[in-house]
Amino acid sequence: MSEEKSLNFIEEIVAADLAAGKHKSILTRFPPEPNGYLHIGHAKSICLNFGLAQKFNGATNLRFDDTNPEKEETEYVESIKADVQWLGFNWVKECYASDYFDQLYAFALELIDKGLAYVDDSTAEEIAQQKGTPTVPGTGNDYRNRSVEENRTLFEAMKAGKYKDGEKVLRAKIDLANPNMHMRDPLLYRIKTAHHHRTGDKWCIYPMYDFAHGQSDSIENITHSVCTLEFIPHRALYDWCIEQLGIFPSKQYEFARLNMTYTVMSKRKLLQLVQEGHVQSWDDPRMPTISGMRRRGYTPESIRDFCDRIGIAKRENIIDFSLLEFCVREHLNKIALRRMVVANPIKLVITNYEQAEEVLHSENNPEDENGGARAVPFSKELWIEREDFMEEPTKKYFRLGPGLSVRLKSAYIVTCDSFDKDADGNITTVYVTYHPNSKSGSDTSGIHVKGTLHWVSAKHAVKVTLKEYDRLFNVEDLNTAEGDFKDYINPNSLNTVEAYAEPSLVNDHSDARFQFLRKGYFYRDPASTSNNLVFNRTVTLKDAWAKEQKK
RNA sequence: UGCCCGAUAGUAUAAUGGUAGUACGACUGUUUUUGGUGCAGUUUGUCUUGGUUCGAAUCCAGGUCGGGCAACCA
C-alpha cells in the first residue's frame, strides 16, 4: 500500500461535491483558444483537468474557445489536439464555442427580452469612459434606456450585417456602479466582419469571452470549470449569466498559473520570439511549448510527473527550472540507450595494440537488466574528449595525463606514456599502452583506476551533429526583470557541434532516447537524415566535476 | 487608496485546532567500469501584532507585503 497523497484544493472541492451528492459524476474541460501553440503552463492545466476526471471517474471535453476569428486558425487547432494526445490524454468530446453560436444568439435575445441587455451605439472610448474607474462609479448613457423592442430590432440588424464593425455592441444591463468592474454593463456581443475558421462568413457578430465561456460550460454540463486566477473577477458575471438564463449551473474555480525560471509563459511573448526570429519556430527545442519540448526529447511521462510535483494552489509561484530537469533525467535514466559520442576530439593511439580491430560489447542501459548490449568496434586509434586529458593534472583530476591510467568504457585500462603538441601548444595526440588482461568483464589485471572515459574508434566513427541547448533567458524571473524581456535573451542558447559517434547510432530507431555517455540525454531531430544525423540535447547529465572545478 | 486574491525553508507544496513534513536545489559522505545512477545524512521555514483556546501555520481582528481588476482579447 502506497501512502495516499493529499488532495489539492480543487480535488477536495470535487471530492466534497461528490460526497454530498451534488453530482453523480464530474465533467471537466480544457478550453484553449486556438491562437497559438500550447506551452508547459497549459500542460499544468491539461494535467489538472484531465487528471481530475481520471481520479474521480469522470470525463473531460476538449473545447476550443474560438470566439475571436481575427486571431484563430485551424493550424493551431491541429497542433493543440496533437499536443494533448501526445501528453497522453483523451477527451470524450471535441467541442467548439463556435458550435454554440446559434444558441448563444438565442440566449442574447432572451436577455434582451428580459430587459437585461441593450444595444449601445457608443464608441469603445466612450464606453470605457462611462465605465468609470475602480474607485469611481460609472455613468450610464441614454442607450441604456432603449425599449426591449428597439433592442431586439437593433440586435437582429447587427446580426444581419446592417452595421459596420464597432458601430454598435450588445451589453448586459447590470450595475454601472458595481465595485467589480466586470459587472459594469459588460459587452456581450461585438460586430466583427471577419472570416471564422469554422463558421466561415455566417456571422458578423461574435460573443465576448464572458458571454461564451460560461454558457458553453453550461451547455456541455461541465460540473467543474477550472481556470487561472485572472478570471476571478469574471466569476460574478459567469454566475450572473447562468442564473439569468436559468441554465445548468457549472461552477468556476481558479488556480495559479505556472511560471518557471529562465523562461516566459505568455503566448504573446512566445509568438514574438518566433516572429522576430529569436528562435526558429514554435517547436524550436528551446521553446517552453509542448511541441518544442517534444522535439527536444522530453517524454510525456516526465512532463506529467512534473505537473504532478508542482502542485495546485492559489498563490503566485515560480518553479525552478531544475525541477523540470530532474523529472526528465529521472525518466530518461531508466529508458535511454547508452551510446558513446565524442564532441571535441583528440586522437588516442594505443601503441602496443597489435590487432587490426575487435568487437566489444557494452550494455544499453545499466538500469535495465534486460536492456541487452550493443557491439562497439575497438581499434588502435580512438577519439577521446579533449577535456579528458590534462598535460599537468590537478590533484582531484582522475582522467588521463602523463603517467596516469584510466578505464576505457567497456574496453581496457590504458596508461598514458606521452603526447604530441602542435605549434600553438594544443595537444594533438595522446599515446598510451593498454593492459591486455584488463578487458571489461574479464579483468584480471588487479589495477584500480578512478576514471572511466568514453571513446569512439577513429576508423569506425560516424559524424553526427549535436545541438546543445542552454536556457533561453539569462534572468531567473522575467516577470520582475525591468525593461523588455527580449533584453534578457541568452545569446548562447544554442551551440551546434560536429561530433564522432559510435556506428550503432546509424541503425538505432529514430524515436529512441539516448544517453551519450557522460554528456547528456539526446533525441534525434526530425530534420535528421541517415547521412546527416542531428541530435538535440534534452538535458545534460548532472556534473559533479564541473561543480568541483568552479570552486 | 474601491473591490478581489494571496502570504509555511532558496523554490514549490503538505499538515483541515494536537510532534511543522515531503520534493527539488545546495552541501557532506558512500557505492559505482558514466565525476551519471543508487544509498545515507546535513542545512534552511509558519509575514506581523493582538485575540479565542489547555493547545493556533490552521479560527477571529488590525496591520504589512505581493498580485489582480477600468481590451469591441481570452
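Chain naming here is simple, since letters A, B, ... match the order of the sequence lines and numbering starts at 1 in each.
Across B:G38 and B:U31, the matching C1' atoms stand 8 Å from one another, rounded to whole Å. On the C1' atoms, B:A61 is 39 Å away from B:A71, given to the nearest whole Å. Nucleotides B:C65 and B:U48 are separated by 10 Å at their C1' atoms, to the nearest Å. Look at the P atom in both B:U32 and B:C39: the space between them is 16 Å, to the nearest Å. A gap of 14 Å separates the P atoms of B:U8 and B:G66, to the nearest Å. If you take atom C1' in B:G10 and the same atom in B:C4, they sit 30 Å apart, rounded to whole Å. Separation of the C1' atoms belonging to B:U11 and B:G68 is 22 Å when rounded to the nearest angstrom. The same atom, P, is picked in B:U53 and in B:A14; the two are 31 Å apart, to the nearest Å.
Taking the centre of each ring, A:Y434 and A:Y353 come in below the 6.0 Å mark. Between A:F535 and A:F522, the gap from one ring centroid to the other reaches at least 6.0 Å.
In this structure, the nucleotide among B:G36, B:U13, B:U1 sitting nearest to the side chain of A:N317 is B:U13. Side-chain proximity of A:Y397 to B:A15, B:G35, B:G36: nearest is B:G35. Among the nucleotides B:A70, B:G36, B:C72, the one closest to any side-chain atom of A:A124 is B:C72. Side-chain proximity of A:A544 to B:U33, B:G35, B:C24: nearest is B:G35. Relative to the side chain of A:T452, the nucleotides B:A12, B:A74, B:G35 differ in distance, and B:G35 lies closest. The side chain of A:R407 approaches B:U33 more closely than any other nucleotide in the set B:G2, B:C5, B:U33. Comparing B:U34, B:U13, B:C69 by their nearest atom to the side chain of A:P366 picks out B:U34. Residue A:E367 has its side chain nearest to B:U37 when only B:C5, B:U37, B:U33 are considered. Listed candidates were B:C72, B:C24, B:U34. Nearest to the side chain of A:F326 is B:C24. Of the candidates B:U11, B:G35, B:C73, the closest approach to any side-chain atom of A:I318 belongs to B:U11.
For A:K542, no side-chain nitrogen or oxygen approaches OP1 or OP2 of B:G35 to under 4.0 Å. Between A:R518 and B:G35 there is a side-chain N or O to OP1 or OP2 distance below 4.0 Å. Taking 4.0 angstrom as the limit, A:K192 places a side-chain polar atom (N or O) nearer than this to OP1 or OP2 of B:C73. Taking only side-chain nitrogens and oxygens, A:K267 never comes nearer than 4.0 Å to OP1 or OP2 of B:C73. OP1 or OP2 of B:A74 has at least one side-chain nitrogen or oxygen of A:T67 nearer than 4.0 Å. The side chain of A:R190 contributes an N or O atom lying less than 4.0 Å from OP1 or OP2 of B:C73. The side chain of A:R315 contributes an N or O atom lying less than 4.0 Å from OP1 or OP2 of B:A7.
Between A:D121 and A:R146 there is a salt bridge, since a side-chain N of the basic residue sits under 4.0 Å from a carboxylate O of the acidic one. A:K251 and A:D17 are not joined by a salt bridge, as no carboxylate oxygen comes within less than 4.0 angstrom of a charged side-chain nitrogen. Using a 4.0 Å cut-off between a side-chain N of Lys or Arg and a carboxylate O of Asp or Glu, A:E11 and A:K55 qualify as a salt bridge. A salt bridge is absent between A:K519 and A:E468: the closest approach of a Lys/Arg side-chain nitrogen to an acidic carboxylate oxygen does not fall below 4.0 angstrom.
Both the sub-6.0 Å distance and the 45° axial angle are satisfied by A:K168 relative to the ring of A:Y163. Taking the ring centre of A:F514 as origin, the terminal cationic atom of A:R339 falls outside the region bounded by 6.0 Å and 45° from the ring axis.
In this entry the distance linking CG of A:D320 with C1' of B:A23 reads 11 Å, nearest Å. Taking atom NZ of residue A:K314 and atom P of nucleotide B:A7, one finds them 10 Å apart after rounding to whole Å. Rounded to whole Å, the distance from CG on A:L176 to C1' on B:C3 is 16 Å. Atom C1' of nucleotide B:U33 and atom NE2 of A:H435 are separated by 15 Å, given to the nearest angstrom.
At most 12 heavy atoms of other shown residues, nucleotides or ligands fall within 6.0 angstrom of atom NZ in A:K396. Applying the 6.0 Å contact sphere to NE2 of A:H195 captures more than 12 heavy atoms from other residues, nucleotides or ligands.
Residue A:E330 is the one, among A:E330 and A:T480, whose nearest nucleotide of RNA chain B lies closer to the 5' end (criterion: closest heavy atom).
Here A:Y209 does not pack flat against the base of B:A74, since the 5.5 angstrom centre distance and 30 degree tilt limits are not both met.
Using cut-offs of 30° and 60° on the angle between ring planes, the pair A:H196 and A:F101 is perpendicular.
Formation of a donor-acceptor pair under 3.5 Å by the A:W455 side chain with backbone atoms of A:K409 is found in this model.
A heavy atom lying under 4.0 Å from RNA chain B marks the following residues of residues 439-447 of chain A, by number: A:K439, A:S440, A:G441.
For B:C24, the paired base is B:G10 (Watson-Crick or G-U wobble, both distances below 3.5 Å). With a cut-off of 3.5 Å on both Watson-Crick or G-U wobble distances, the partner of B:U52 is given as none.
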Atom pairs, N/O to N/O, protein against nucleotides 30-32 of chain B, distance under 3.5 Å?
none

